[in-house]
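Take a look at the structure set out below.
Whatever order the structure lists ligands and atoms in, that order sets their numbers, starting from 1.
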Amino acid sequence: MHRIILDTDPGIDDALAFFLALASPEIQLEAITTVSGNVDVEQTTRNALTLLQLLDRGDIPVARGSRYPIVRTPVEATEVHGANGLGNIELPPLKLQPIAQHAADLIIEKVHQYPGEITLVAIGPLTNLALALRKEPGLAQHVREVVIMGGAVRVPGNVTPCAEFNIFADPHAAHMVFHAGWPLRLVSLDVTQLVTFAREHIEEFTRSGGVVKDCIRQVTSFYFERFAPFYGISTFQMHDPLCLATVFQPDLVTWEEAYVDVELHGTLTLGETVAYFNDYNRPDKPNMRVSSAVDAERFIRLYVERIEQAWT
Ligand code: RIB
Ligand code: CA
């Protein structure tokens, strides 16, 4: 069993990752922490609460996190995820509230409650994890693992030619997280952009309806109608759901040890993740495992099976 905290900026693909987490018996979702990313933290918090309310899982605490990145000016991705972050679907009146604690404090509290057991699954910018590290410098020694959706190692970025969105949105936080010394896996664009859903496939597997399948179809329709056609994209990239799946099925992905650092000063290269795979002029020993290949078909089968089993 994997006791996780999901740090997230919902986000259409974040929402699909929520559904997989709650449909997978291997995952114990201890808490959700929200951060500004795709949209601002007020909206990502509302979206996280809305998704839990949809699934009748108000028992899972949601802690609002950082509105602003550590240093840089905020960036958003409303062109991809819609103004409300969930494909501009109509959001129901909210009955749930976030807890009063800040996300960083909840992360610290849970790690102390379950020393050595918590896996931090970060599928948005890494601001909350960085703040938790600053508040509790010894935190990294008591965390089971950190699994991050982010970065672009051997492929171009998706927000600039060099940088992937989650890292670009808070590169200083990513630098702190990359060098904290905890066990770390990076699920980067190298594999997540290979794991795609065609609209027809989504239409087919959600046709039987129900709360979750209707939501999947509705939130992705914005992407297919208002984003993909204008950027020459025809399929939905399952970035965050793949990251979540690698927590309990790591062999979906081929991993490589690497020393990875983040560009903090480049005008054109800010947020670039730079990986050293051999010890030639490598600045230090490897600090993470990066994702170099993926069994995309097996993951899509897993995703569809888990949603079918949990909500049909
Ligand atoms: O680059 C993809 C990542 O940025 C995903 O986590 C998506 O939700 C956005 O946050
Ligand atoms: Ca995300």
Side-chain angles (χ1 to χ4, degrees), residues 4-21 32-41 43-48 50-51 62 65-66 69 72 74-88 103 120-129 146-171 173-174 177 185-197 216 219-220 222-223 227-228 231 233 235-247 262 270-273 290-291 294 299:
I4 76 167
I5 294 174
L6 186 63
D7 190 75
T8 176
D9 62 334
I12 296 172
D13 59 327
D14 303 67
L16 272 59
F18 269 54
F19 298 143
L20 181 61
I32 288 170
T33 50
T34 56
V35 65
S36 288
N38 292 316
V39 289
D40 73 62
V41 71
Q43 190 65 50
T44 60
T45 304
R46 178 183 167 81
N47 293 346
T50 297
L51 293 165
V62 174
S66 187
R72 64 156 299 151
V75 290
E76 292 188 349
T78 52
E79 74 283 1
V80 182
H81 297 269
N84 74 3
L86 289 180
N88 288 345
L120 300 177
V121 183
I123 56 175
L126 296 166
T127 317
N128 293 332
L129 274 66
V146 180
V147 185
I148 293 169
M149 192 281 131
V153 174
R154 293 188 176 97
V155 297
N158 60 357
V159 66
T160 73
C162 300
E164 176 278 328
F165 178 81
N166 286 338
I167 308 301
F168 181 74
D170 197 339
V177 168
R185 280 188 282 147
L186 188 74
V187 185
S188 64
L189 291 182
D190 301 70
V191 294
T192 65
Q193 64 190 6
L194 303 177
V195 183
T196 59
F197 247 134
I216 292 173
V219 295
T220 53
F222 174 89
Y223 177 91
F227 171 74
Y231 290 84
I233 302 170
T235 58
F236 183 76
Q237 296 175 345
M238 295 284 273
H239 305 291
D240 294 344
L242 176 65
C243 177
L244 190 281
T246 66
V247 171
V262 188
L270 179 69
E272 182 175 9
T273 43
V290 301
S291 49
V294 60
F299 167 73

**Prompt:** So is His239 polar-close to ligand 1, meaning N/O to N/O under 3.5 Å?
**Reply:** no
**Item:** Proximal candidate to atom 7 (C) of ligand 1 [heavy atom criterion; set Asp13, Ile123, Val80, Leu189]
**Value:** Asp13
**Prompt:** To the nearest 0.5 Å, what is the distance between NE2 (His239) and CG (Asp14)?
**Reply:** 10.5 Å
**Request:** Identify, for atom 9 (C) of ligand 1, the protein heavy atom at the shortest distance, and state residue, atom and that distance.
**Result:** Asn38 OD1, 3.2 Å
**Prompt:** Checking ring-ring contact (aromatic ring centres under 6.0 Å, His included) against Phe236, which of Phe197, Tyr223, Phe222 comes through?
**Reply:** Tyr223
**Message:** Rounded at 0.5 Å granularity, tell me how far CG in Leu20 sits from SG in Cys243.
**Reply:** 10.5 Å
**Request:** Measure Val159 to ligand 1 on non-hydrogen atoms and call it side chain, backbone, both or neither using the 4.0 Å cut-off.
**Result:** neither
**Request:** For Thr44 and Asp9, test the side chains for any donor-to-acceptor distance below 3.5 angstrom and give the result as yes or no.
**Result:** no
**Asked** Donor-acceptor pair, Asp190 side chain versus Ser291 backbone, under 3.5 Å?
**Response** no
**Complete:** min-distance protein heavy atom vs atom 1 (O) of ligand 1 -> Glu164 OE2, 2.5 Å
**Message:** Return the CG to CG distance between Asn84 and Asn38, rounded to the nearest 0.5 Å.
**Reply:** 11.5 Å
**Request:** Output the list of atoms in ligand 1 that are nearer than 4.0 Å to some heavy atom of Asp9, sorted by atom number.
**Result:** 10 (O)
**Asked** Can you tell me the protein heavy atom closest to atom 6 (O) of ligand 1 and the distance?
**Response** Asp240 OD1, 2.6 Å
**Message:** Checking Arg185 now: which residues fulfil salt bridge (charged side-chain N to carboxylate O under 4.0 Å, His left out) with it, not counting sequence neighbours?
**Reply:** Glu145
**Complete:** In terms of heavy-atom contacts, Gly65 and Ala103 come closest through CA-CB, 3.5 Å
**Message:** Below 4.0 Å, non-hydrogen atoms only: which portion of Asn158 touches ligand 1? Side chain, backbone, both or neither.
**Reply:** side chain
**Prompt:** Counting from 1, what ligand 1 atoms have a heavy atom of Asp14 closer than 4.0 Å?
**Reply:** 8 (O)
**Criterion side-chain contact (heavy atoms from CB on, under 4.5 Å) against Leu16, the qualifying member of Leu242, Ile216, Asp240** = Ile216
**Request:** Show the numbers, then the answer: is there a side-chain contact (heavy atoms from CB on, under 4.5 Å) between Tyr231 and Asn158?
**Result:** CA-CA 11 Å; Tyr231 290 84; Asn158 60 357; over 6 Å; no
**the Ca ion (ligand 2) neighbourhood, protein N/O/S only, threshold under 3.0 Å** = Asp9 OD1, Asp14 OD1, Asp14 OD2, Ile123 O, Asp240 OD2
**Prompt:** Is there a nitrogen or oxygen of Met149 sitting under 3.5 Å from a nitrogen or oxygen of ligand 1?
**Reply:** no
**Fill in**
Paired with Asp13, the side-chain contact (heavy atoms from CB on, under 4.5 Å) test is passed by just one of Met238, Gln237, His81, namely His81
